[in-house]
Each structure stands twice: as structure tokens, then as C-alpha cells.
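Working notes, structure below.
Worth knowing before you read on, the calculation uses all heavy atoms, side chains too, and leaves out hydrogens, waters and symmetry mates. Each chain gets a letter, A, B and so on, in the order its sequence line appears, and its residues count up from 1. Only a predicted model underlies this, so the values are computations on that prediction, with no experimental measurement involved.
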Amino acid sequence: MSPPPEEFDRVKKLLALKRHEPPPPGYFNHFSDKIIARIEAEGLSAQISWWQRLFPDLDAKPVLACAYGLVIMGLLAIGVGVSQSLDTDETTAPNLGQPWFAQAPASDAVLPASMPVVQASLTGQTNPASSANPVISGAPSFLFDVNRLKYEVERVKGDLR
Amino acid sequence: MNANVLDKATAPSAGQAATAAPEDPKLVKQAQSGNLEAYDELIRRYQERIYATIYHMTSNHEDANDLAQETFIKAFQALKSFKGDSSFFTWVYRIAVNKTINFLKQRKNKTHMSLNDLDFNAEHDPDLVALVSDKTPRRDVSLIELQEKLNGAMQKLSEIHRLVVTLHDVQGLSHEDISKIMGCNTGTVRSRLFYARQQLQAYLSDYLK
């Protein structure tokens, strides 16, 4: 049995009175500030980790997390591949990738007559440096040879003149 | 602060039909990544409706204040688990409702009303004026007395029935929104609403003839 509709109308009208019960004036002015202050005071905002700040979607979208993972794996694979191919190239072409100071001087380089020691050291350099035969171990006399360095300095001076 | 951008006039007030704002998902994502300004704006959007729901359930301003604050703090803590399956508005309402019902169950039989003052517009509401007019059997009743009687009658309802009346007849939410908040179907919402109104009508019969 349902009561007459007008009866419920009066109930609804009476309930509308509750819409006229606002909180004290200005109550909402600082309501959110209080909550934010409590959140900060309780350290709740600090519980979010750095990767959640950077990638907020990861928790909500596992597919996105997988995609990020695949991209990172792909980049790693490419990096490893490139480094391996570089190593292979170096073994086949010894001069590639050598530092400039490890390369033999041009044949037409004019050597001063006052540096016979330098000439001797150059003629003795028969084994070019490479990754398989590193400069440090393969030609120690070059890197740490004072005479050789003197020659280089003199050569640069001559070029400047 | 970014939150101050929210125009007070555009913020929905209690009694208005609830609709989730289209910017909510963006703000939620920002808040999930720890942006407190975004969360501040979300609070400002829903503070009045959340407070009003709790207040009408408890009939006590202090309790409503505490519970409303706890609702938003709890919501921030649980924000990481919010997947966006429902609107933020529905989700935060559900938190408020659960907190309030738990509180009321603990407070059982210890009702202490602390009612807010009626605003100026109440005296000029034609429906309310009619209720205290000479057609009403209780001619000497004032709006303030009517307010107390109404809140007393509301407190006699069970929490579930009080909630459905509050959300529908006071706050103006649709049956669909209420069903999402309460986690039941719209038929259940309608039947609960019918029963609650019947009960209120019986409790307030002196003022409704």
C-alpha cells in the first residue's frame, strides 16, 4: 500500500529544510588547507616514491610498464650490438679508433737532422697499435719516450713557424 | 596556489545534482604523483558535498568536520589504488559513506545533535513557509523547531535509510549515482527511499497534515 503522492511531496519539501543548514560562515575557507597541512605533517605525501612521481601511470596501467621495460631492453640490446660491432671493426681495421698521437707520422714528415734518436725510434715502430694490440702494452716506448715527445713538440713548433 | 583558480561560483554546492567534473581524471593523476596542489583542488571541488552528506547523517557539525577531514586524508592515502573505474566523485563519496556508517555504528545510542543555524533563505522558501503556515496543525511551530524535529526523525532511521534520503532528497543525487556509491542496484535504492520516506512521514505526521 503506498501513501498518496502528495504526502511524500510534503516530506520532500520538509527535507529541503536541511539544505538551509550550512556550516558556520567561512568554514570552507581553510578547510582544504587544514587537510593538506595534515597530509604534510603526517608525511603521507613523502610515501610516494621517485619512480611513482616520474611515471604515475605505471601502477594504473601494467601494459605501460611492460612497454617501458621493452623499450629499455631494446635500447640495451642495441647498445651491446653497437659496441660489439665496433670491436669487430677495430680488429679488421687497426688504425680505426686510434688516438691521433698513436698514429705513425706521415712519410713525408721532415725530421730535423738534429734528432737522430727520434728517427731511430720511429723506424723501430713496426707494430701499429690497435684494440687487439693496445698502445700502452704494444708500444710503451712511444707513450713514455721522452725523445719522441720532444720530437712532437719540435714538429708543432716548426708547423707554427 | 593553483587551487585558487577554482571559481567558487562554479563549484557545485550541496543539494545540486552531482556530476563528475571532466578535469577530475587529470587532477587525480597529478595527485597520484604527489602533486598536493592538484589534490587541494579536488578537495575544494567536493568539500561542501562531502561535508553536507556527513553532516546530514550525523546531525552534528563537529563530527561532520572530523569525518570530512578524515575522508579526504584517507582518500589521499588510498589514491594509489584508485584505478579510475568509477569517477573520483563516486569513489570519495564511498569513502565518506563508509567512514560515517562505521562511526555511527560505534556511536550507537549516543546521539548528540549539534545543528548548524538555518540560513537566511530558509525563511523565504515558499515550501517551508507553507509548512509553517496556518494550514499546518502545529501553527505555533517555528522553522528552528521544525529543523530539530526533522533531524530527530532522521536520526531514528537506520543508517542505510538515512543515507539514501540524504543523498536523494537532500543532496539531489540520481538513483544511479546512489547505487554506485552504495554498491547496490537502483531498484534497491528506490525501495529503500520509499521505506525511508514512509518512516519519516510517520515520525513527522504532526507537521505534515
Side-chain angles (χ1 to χ4, degrees), chain A residues 1-69 71, chain B residues 3 14-15 29-30 32-37 39-44 47-48 51-52 55-56 61 64-65 68-69 72-73 76-77 80-84 115-122 125 127-128 130-131 143 146-147 150-151 154 165-166 169-171 194 197-198 200-201 204 207-209:
Chain A
M1 186 186 107
S2 62
E6 62 269 20
E7 284 302 305
F8 277 167
D9 278 349
R10 292 181 79 84
V11 170
K12 284 193 269 185
K13 283 175 184 173
L14 186 56
L15 283 166
L17 181 63
K18 288 194 68 64
R19 294 177 193 163
H20 296 284
E21 295 178 26
Y27 170 72
F28 288 118
N29 289 356
H30 301 290
F31 182 81
S32 64
D33 296 339
K34 286 178 194 168
I35 294 168
I36 296 296
R38 278 184 67 180
I39 287 171
E40 286 177 330
E42 292 172 25
L44 299 176
S45 59
Q47 289 175 4
I48 295 167
S49 57
W50 63 269
W51 62 270
Q52 283 175 315
R53 288 172 195 269
L54 282 176
F55 307 107
D57 294 339
L58 289 187
D59 278 344
K61 295 176 182 172
V63 176
L64 203 60
C66 289
Y68 276 128
V71 168
Chain B
K29 277 198 190 303
Q30 290 173 344
Q32 280 176 327
S33 60
N35 184 339
L36 287 178
E37 287 186 12
Y39 193 64
D40 186 276
E41 187 158 342
L42 284 169
I43 294 171
R44 286 171 188 265
Q47 60 187 9
E48 291 178 37
Y51 168 85
Y55 169 76
H56 296 315
H61 168 70
N65 175 42
Q69 287 194 26
F72 283 110
I73 289 171
F76 184 80
Q77 284 178 302
K80 279 187 278 181
S81 66
F82 177 67
K83 307 293 183 195
L115 301 178
N116 293 327
D117 294 334
L118 290 171
D119 63 22
F120 177 77
N121 295 329
D125 188 319
D127 291 334
L128 295 174
L131 281 172
L143 273 179
L146 203 58
Q147 179 196 15
L150 175 60
N151 279 287
M154 287 279 283
V165 164
T166 297
D169 288 342
V170 182
Q171 298 228 280
F194 180 84
R197 285 171 177 167
Q198 253 187 342
L200 283 177
Q201 183 199 312
L204 298 165
Y207 304 92
L208 295 171
K209 286 172 186 167

Check: A:F28 ring centre within less than 6.0 Å of B:Y51 ring centre: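 Yes, ring centres under 6.0 Å apart.
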
Report the option among B:I73, B:L200, B:V165 that has the most heavy-atom pairs separated by less than 4.5 Å from atoms of chain A.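 Top count of heavy-atom pairs under 4.5 Å with chain A: B:I73.
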
Return the minimal non-hydrogen interatomic distance between [X] and [Y], and the atom names on each side.
X      : Y      : result
B:Q47  : A:S32  : OE1-N, 4.0 Å
B:D169 : A:R19  : O-NH2, 2.8 Å
B:I43  : A:I36  : CD1-CD1, 4.1 Å
A:F8   : B:Q201 : CE2-OE1, 3.6 Å

Could B:R44 and A:D33 be called an ion pair, given the rule that one side-chain N must be under 4.0 Å from one carboxylate O?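 The answer is yes: the pair qualifies as a salt bridge.
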
Decide side-chain contact (heavy atoms from CB on, under 4.5 Å) for A:I39 and B:F72; before the verdict, give the C-alpha distance in whole Å, the side-chain angles of both, and the deciding distance to 0.1 Å. CA-CA 10 Å; A:I39 287 171; B:F72 283 110; over 6 Å; no

Could you please spell out the steps behind the side-chain contact (heavy atoms from CB on, under 4.5 Å) verdict for A:R10 and B:L204? CA-CA 10 Å; A:R10 292 181 79 84; B:L204 298 165; over 6 Å; no

Worked verdict on A:E21 versus B:N151 for side-chain contact (heavy atoms from CB on, under 4.5 Å): CA-CA 11 Å; A:E21 295 178 26; B:N151 279 287; 3.2 Å; yes

B:M154 side, atom CE; A:L15 side, atom CG - distance, nearest 0.5 Å: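 The distance works out to 6.0 Å.
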
